[in-house]
Amino acid sequence: MPEVMEVMDPSSQTIIERLNAIKEEIKQSLSDKRKQDEDEICVVAVSKIKPKSMIIEAYQNGVRDFGENYVNEIIEKSNDPEVLEMCPDIKWHFIGHLQSNKTAKLLNCPNLYMLHTLDSIKLAEIVQKEMIKVGKSEPLKVMIQVNTSNETNKSGIKEGEVDSLAKYIIENCSRLELCGFMTIGAPDYNTELGPNPEYQMLINIRDRVSSLYDVNNLKLSMGMSKDFIHAVQLGSSYVRIGERIFGPRQKNQK
(Lines give C-alpha, C1' and ligand atoms only; values in the text may rest on other atoms or scores of the structure.)
Protein backbone atom coordinates (compact mmCIF):
# COMPACT_ATOMS: atom_id res chain seq x y z
CA MET A 1 0.00 0.00 0.00
CA PRO A 2 1.21 3.55 -0.67
CA GLU A 3 2.87 5.41 2.17
CA VAL A 4 0.63 7.84 4.03
CA MET A 5 1.78 11.45 4.09
CA GLU A 6 3.01 12.98 7.33
CA VAL A 7 0.09 14.33 9.36
CA MET A 8 0.17 17.81 10.90
CA ASP A 9 -0.96 18.34 14.47
CA PRO A 10 -4.76 18.74 14.06
CA SER A 11 -5.02 20.88 17.19
CA SER A 12 -3.19 23.72 15.44
CA GLN A 13 -5.42 23.68 12.34
CA THR A 14 -8.72 25.28 11.39
CA ILE A 15 -11.68 23.16 10.27
CA ILE A 16 -10.96 23.81 6.59
CA GLU A 17 -7.28 22.91 7.10
CA ARG A 18 -8.27 19.68 8.82
CA LEU A 19 -10.72 18.83 6.06
CA ASN A 20 -8.12 19.47 3.36
CA ALA A 21 -5.57 17.36 5.25
CA ILE A 22 -8.05 14.46 5.54
CA LYS A 23 -8.86 14.61 1.82
CA GLU A 24 -5.17 14.64 0.94
CA GLU A 25 -4.42 11.72 3.26
CA ILE A 26 -7.21 9.70 1.65
CA LYS A 27 -5.99 10.58 -1.82
CA GLN A 28 -2.38 9.67 -1.04
CA SER A 29 -3.34 6.39 0.64
CA LEU A 30 -5.38 4.95 -2.21
CA SER A 31 -3.85 2.30 -4.39
CA ASP A 32 -3.83 2.88 -8.14
CA LYS A 33 -6.63 0.33 -8.41
CA ARG A 34 -8.90 2.30 -6.08
CA LYS A 35 -8.10 5.88 -7.11
CA GLN A 36 -11.12 5.79 -9.40
CA ASP A 37 -13.29 5.39 -6.28
CA GLU A 38 -11.94 8.51 -4.55
CA ASP A 39 -15.07 10.58 -5.24
CA GLU A 40 -17.26 7.82 -3.78
CA ILE A 41 -15.57 7.91 -0.36
CA CYS A 42 -17.84 9.85 1.97
CA VAL A 43 -16.42 11.59 5.00
CA VAL A 44 -19.19 11.73 7.61
CA ALA A 45 -18.37 14.58 9.99
CA VAL A 46 -19.32 13.35 13.45
CA SER A 47 -20.66 16.47 15.12
CA LYS A 48 -21.94 15.04 18.39
CA ILE A 49 -21.72 17.53 21.26
CA LYS A 50 -20.31 20.13 18.89
CA PRO A 51 -22.14 23.46 18.47
CA LYS A 52 -24.17 24.33 15.40
CA SER A 53 -21.63 27.04 14.53
CA MET A 54 -19.07 24.31 13.79
CA ILE A 55 -21.58 22.39 11.68
CA ILE A 56 -22.34 25.50 9.65
CA GLU A 57 -18.62 26.24 9.23
CA ALA A 58 -17.91 22.71 8.02
CA TYR A 59 -20.90 22.90 5.67
CA GLN A 60 -19.65 26.18 4.23
CA ASN A 61 -16.34 24.43 3.55
CA GLY A 62 -17.88 21.64 1.52
CA VAL A 63 -19.09 19.04 4.04
CA ARG A 64 -22.60 17.76 3.42
CA ASP A 65 -22.72 14.56 5.52
CA PHE A 66 -22.93 14.85 9.31
CA GLY A 67 -23.21 12.07 11.88
CA GLU A 68 -24.93 12.15 15.26
CA ASN A 69 -25.03 9.54 18.02
CA TYR A 70 -27.99 10.70 20.10
CA VAL A 71 -31.61 11.03 18.98
CA ASN A 72 -32.33 14.12 21.08
CA GLU A 73 -29.28 15.88 19.68
CA ILE A 74 -29.99 15.11 16.03
CA ILE A 75 -33.60 16.28 16.54
CA GLU A 76 -32.43 19.58 18.01
CA LYS A 77 -29.76 20.24 15.38
CA SER A 78 -31.73 19.11 12.33
CA ASN A 79 -34.67 21.32 13.32
CA ASP A 80 -32.58 24.36 14.22
CA PRO A 81 -33.79 27.32 12.10
CA GLU A 82 -30.26 28.56 11.41
CA VAL A 83 -29.04 25.11 10.33
CA LEU A 84 -32.10 24.70 8.10
CA GLU A 85 -31.46 28.08 6.49
CA MET A 86 -27.67 27.91 6.18
CA CYS A 87 -27.36 24.20 5.34
CA PRO A 88 -30.20 23.35 2.93
CA ASP A 89 -28.48 20.32 1.39
CA ILE A 90 -27.25 18.78 4.65
CA LYS A 91 -27.45 15.00 5.03
CA TRP A 92 -27.86 13.62 8.54
CA HIS A 93 -26.48 10.16 9.34
CA PHE A 94 -27.61 8.53 12.58
CA ILE A 95 -24.67 6.47 13.85
CA GLY A 96 -25.68 5.72 17.44
CA HIS A 97 -27.70 2.94 19.01
CA LEU A 98 -31.37 3.45 18.20
CA GLN A 99 -33.93 2.62 20.87
CA SER A 100 -37.17 1.43 19.32
CA ASN A 101 -39.28 3.94 21.29
CA LYS A 102 -37.35 6.83 19.69
CA THR A 103 -37.71 5.63 16.10
CA ALA A 104 -40.62 7.92 15.19
CA LYS A 105 -38.80 10.98 16.52
CA LEU A 106 -35.72 10.14 14.49
CA LEU A 107 -37.66 9.58 11.28
CA ASN A 108 -39.24 13.03 11.59
CA CYS A 109 -35.84 14.75 11.49
CA PRO A 110 -35.48 17.01 8.44
CA ASN A 111 -32.88 15.79 5.94
CA LEU A 112 -32.36 12.40 7.61
CA TYR A 113 -30.26 10.53 5.05
CA MET A 114 -29.06 7.25 6.50
CA LEU A 115 -29.36 4.99 9.54
CA HIS A 116 -26.05 3.16 10.05
CA THR A 117 -27.09 1.10 13.08
CA LEU A 118 -29.92 -1.27 12.22
CA ASP A 119 -29.15 -4.39 14.26
CA SER A 120 -32.22 -6.61 14.60
CA ILE A 121 -35.28 -7.85 12.76
CA LYS A 122 -37.42 -6.30 15.49
CA LEU A 123 -35.91 -2.86 14.89
CA ALA A 124 -36.22 -3.25 11.11
CA GLU A 125 -39.91 -4.07 11.55
CA ILE A 126 -40.43 -1.03 13.77
CA VAL A 127 -38.62 1.35 11.39
CA GLN A 128 -40.64 -0.05 8.46
CA LYS A 129 -43.95 0.51 10.30
CA GLU A 130 -42.97 4.01 11.46
CA MET A 131 -41.90 4.97 7.94
CA ILE A 132 -45.41 4.11 6.76
CA LYS A 133 -47.00 5.92 9.72
CA VAL A 134 -45.13 9.18 9.13
CA GLY A 135 -45.89 8.99 5.42
CA LYS A 136 -42.34 8.59 4.14
CA SER A 137 -42.64 7.15 0.63
CA GLU A 138 -38.97 7.30 -0.34
CA PRO A 139 -37.09 4.40 1.29
CA LEU A 140 -34.70 5.24 4.12
CA LYS A 141 -31.13 4.19 3.46
CA VAL A 142 -29.99 1.77 6.16
CA MET A 143 -26.89 -0.17 7.10
CA ILE A 144 -26.71 -3.27 9.24
CA GLN A 145 -24.42 -2.74 12.22
CA VAL A 146 -22.35 -5.83 12.96
CA ASN A 147 -20.59 -6.46 16.26
CA THR A 148 -17.43 -7.82 14.66
CA SER A 149 -15.54 -7.99 17.95
CA ASN A 150 -18.27 -9.76 19.95
CA GLU A 151 -17.79 -7.23 22.75
CA THR A 152 -20.76 -7.04 25.11
CA ASN A 153 -20.43 -3.26 25.45
CA LYS A 154 -20.82 -2.70 21.69
CA SER A 155 -24.06 -2.62 19.76
CA GLY A 156 -24.57 -4.60 16.59
CA ILE A 157 -25.86 -7.94 15.40
CA LYS A 158 -23.75 -11.08 15.65
CA GLU A 159 -22.03 -12.24 12.48
CA GLY A 160 -24.08 -15.44 12.35
CA GLU A 161 -27.39 -13.53 12.37
CA VAL A 162 -26.58 -11.06 9.58
CA ASP A 163 -27.91 -13.09 6.66
CA SER A 164 -31.40 -13.49 8.15
CA LEU A 165 -31.62 -9.76 8.94
CA ALA A 166 -30.49 -8.81 5.44
CA LYS A 167 -33.03 -11.23 3.96
CA TYR A 168 -35.80 -9.77 6.11
CA ILE A 169 -35.02 -6.19 5.05
CA ILE A 170 -34.82 -7.09 1.36
CA GLU A 171 -38.02 -9.15 1.33
CA ASN A 172 -40.24 -7.40 3.88
CA CYS A 173 -39.20 -3.76 4.23
CA SER A 174 -40.25 -1.79 1.18
CA ARG A 175 -39.56 1.50 2.98
CA LEU A 176 -35.95 0.55 3.76
CA GLU A 177 -33.08 0.41 1.31
CA LEU A 178 -30.23 -1.84 2.43
CA CYS A 179 -27.06 0.06 1.51
CA GLY A 180 -24.38 -1.92 3.32
CA PHE A 181 -22.77 -2.76 6.63
CA MET A 182 -21.24 -0.83 9.51
CA THR A 183 -18.91 -1.74 12.36
CA ILE A 184 -16.88 -0.08 15.08
CA GLY A 185 -13.37 -1.48 14.88
CA ALA A 186 -10.72 -1.37 17.57
CA PRO A 187 -9.02 2.04 17.03
CA ASP A 188 -5.70 0.83 18.44
CA TYR A 189 -5.30 -2.12 16.07
CA ASN A 190 -1.69 -2.52 14.90
CA THR A 191 -1.86 -2.51 11.11
CA GLU A 192 1.67 -3.92 10.93
CA LEU A 193 0.02 -7.25 11.76
CA GLY A 194 -1.96 -7.06 8.53
CA PRO A 195 -5.54 -6.06 7.71
CA ASN A 196 -7.80 -5.48 10.71
CA PRO A 197 -9.66 -8.81 11.11
CA GLU A 198 -12.82 -6.97 12.20
CA TYR A 199 -12.86 -5.02 8.96
CA GLN A 200 -12.01 -8.13 6.99
CA MET A 201 -15.02 -9.85 8.57
CA LEU A 202 -17.28 -7.00 7.45
CA ILE A 203 -15.89 -7.23 3.91
CA ASN A 204 -16.60 -10.98 3.87
CA ILE A 205 -20.14 -10.38 5.16
CA ARG A 206 -20.77 -7.81 2.43
CA ASP A 207 -19.50 -10.16 -0.27
CA ARG A 208 -21.55 -13.08 1.06
CA VAL A 209 -24.81 -11.14 1.33
CA SER A 210 -24.28 -9.64 -2.13
CA SER A 211 -23.93 -13.15 -3.54
CA LEU A 212 -26.75 -14.73 -1.53
CA TYR A 213 -29.40 -12.16 -2.37
CA ASP A 214 -28.04 -10.78 -5.64
CA VAL A 215 -27.69 -7.25 -4.24
CA ASN A 216 -25.14 -5.00 -5.91
CA ASN A 217 -23.19 -2.02 -4.69
CA LEU A 218 -23.40 -2.67 -0.94
CA LYS A 219 -21.14 -0.25 0.90
CA LEU A 220 -19.01 -0.43 4.04
CA SER A 221 -19.11 2.06 6.91
CA MET A 222 -15.93 1.53 8.89
CA GLY A 223 -13.09 3.68 10.11
CA MET A 224 -12.96 6.67 12.46
CA SER A 225 -10.51 9.47 13.27
CA LYS A 226 -7.67 7.17 14.32
CA ASP A 227 -7.93 4.49 11.65
CA PHE A 228 -9.88 5.86 8.69
CA ILE A 229 -6.91 5.55 6.33
CA HIS A 230 -6.61 1.82 7.01
CA ALA A 231 -10.37 1.43 6.53
CA VAL A 232 -10.30 3.29 3.21
CA GLN A 233 -7.43 1.15 1.99
CA LEU A 234 -9.54 -1.93 2.73
CA GLY A 235 -12.50 -0.57 0.78
CA SER A 236 -14.61 1.50 3.17
CA SER A 237 -17.00 3.94 1.48
CA TYR A 238 -18.07 5.81 4.63
CA VAL A 239 -15.60 6.97 7.28
CA ARG A 240 -16.97 8.57 10.45
CA ILE A 241 -14.60 11.32 11.55
CA GLY A 242 -15.19 13.63 14.50
CA GLU A 243 -12.10 14.72 16.40
CA ARG A 244 -9.94 15.11 13.29
CA ILE A 245 -12.45 17.61 11.90
CA PHE A 246 -13.83 19.42 14.93
CA GLY A 247 -10.99 18.97 17.42
CA PRO A 248 -11.01 17.03 20.68
CA ARG A 249 -13.93 17.23 23.04
CA GLN A 250 -13.33 19.17 26.23
CA LYS A 251 -13.09 17.24 29.49
CA ASN A 252 -16.42 18.67 30.68
CA GLN A 253 -18.20 17.52 27.52
CA LYS A 254 -20.11 14.25 27.86
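Small disclaimer: the values here were computed from a predicted structure and weren't measured.
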Pick out which of Lys48, Lys77, Arg240 makes a salt bridge (charged side-chain N to carboxylate O under 4.0 Å, His left out) with Glu68.
Lys77
Report yes if the side chains of Gln128 and Asn172 come closer than 4.5 Å at any heavy-atom pair, otherwise no.
no
Note: Leu165 and Ala124 closest approach over all heavy atoms is CD1-CB, 4.2 Å
Would you say the side chain of Glu76 lies within less than 4.5 Å of the side chain of Asp80, judging by non-hydrogen atoms?
no
Under a 3.5 Å threshold, yes or no: a donor from one side chain and an acceptor from the other, between Thr117 and Gln145?
no
Thr103 and Asn101 side chains, donor-acceptor separation under 3.5 Å
no
With a 4.5 Å heavy-atom cut-off, do Lys219 and Glu40 have their side chains touching?
yes
If you compare all heavy atoms of Cys173 against all heavy atoms of Tyr168, which two are closest, and at what distance to 0.1 Å?
SG-CE2, 3.6 Å
Given side chains that start at C-beta, do those of Asn111 and Leu84 come closer than 4.5 Å, heavy atoms only?
yes
Under 4.5 Å between any side-chain heavy atoms of Asn79 and Pro110, yes or no?
yes
Does any part of the side chain of Asp89, heavy atoms only, come nearer than 4.5 Å to the side chain of Tyr59, both counted from C-beta?
yes
So, Glu25 and Arg244, do they make that salt bridge, N to O below 4.0 Å?
yes
Would you say the side chain of His230 lies within less than 4.5 Å of the side chain of Asn196, judging by non-hydrogen atoms?
yes
Closest non-hydrogen atom pair, Ile241 against Ser225:
CG2-OG, 3.4 Å
To check you understand the geometry: which heavy-atom pair defines the closest contact between His93 and His116, and what is its length?
ND1-NE2, 2.9 Å
For the residue pair Asp65 and Tyr238, confirm or rule out a side-chain donor-acceptor distance under 3.5 Å.
no
I'd like to check Met131 versus Leu107 (side-chain heavy atoms, cut-off strictly below 4.5 Å). Are they in contact?
yes
